[in-house]
Amino acid sequence: DLDFRLGIEMSQSLGFARTEESRPGGRSAGAQSWAGIHNTHFWFDPRQDVAAVAMTQLLPFLDRRALGAVDSFERAAYSERHEMGRP
């Protein structure tokens, strides 16, 4: 069992992991994402018009340090978006 989103409910679409509940300060319900073996992560959030890529070359997969960095990156991206006056 892999927990990509640290407790946020997710499901699978045809090609991505789908976020099923909005995350305060982050992705909206309906955002889709995926990750690669060396902790490369990407997501797109049509509801908030956000897409992002976070690349590392770190093993093991889903390393807590890498997940923490991706979480910080996501929060910063959405915080910047809201500071620019976008919903």
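Note that the numbering runs from 1 along the sequence shown for the chain.
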Minimum heavy-atom distance Pro46-Ala31, with the two atoms named: CD-CA, 4.4 Å
From CG (Leu62) to CD1 (Ile37), nearest 0.5 Å: 8.5 Å
Under 3.5 Å donor-acceptor, Asp45 side chain and Val50 backbone: no
Side chain Thr56, main chain His38, donor-acceptor under 3.5 Å: yes
Closest contact, heavy atoms only, Ser28 versus Ser22: CA-OG, 3.6 Å
Straight-line distance of Arg27 CZ to Arg75 CZ, nearest 0.5 Å: 11.0 Å
Nearest non-hydrogen partners of Ala54 and Phe73, listed with the distance: CB-CD2, 4.0 Å
Thr40 side chain to Met55 backbone, donor-acceptor under 3.5 Å: no
Gly30 to Arg18 - nearest heavy-atom pair and separation: CA-NH1, 3.4 Å
Polar side-chain atom of Gln48 near backbone of Gly26 as donor-acceptor pair, under 3.5 Å: yes
Shortest non-hydrogen contact from Ala35 toward Phe61: CB-CE1, 3.9 Å
Taking every non-hydrogen atom, the tightest pair across Ser33 and Trp43: CB-CB, 3.6 Å
From Asp63 atom CG to Leu58 atom CG, the distance as rounded to the nearest 0.5 Å: 4.5 Å
Set of side-chain hydrogen bond (donor to acceptor under 3.5 Å, both in side chains) partners for Ser72, sequence neighbours left out: none
Phe44: ring pair (Phe, Tyr, Trp, His ring centres under 6.0 Å) partners, not counting sequence neighbours: Phe16
Approximate separation, where rounding is to 0.5 Å, of Asp71 CG and His41 NE2: 11.0 Å
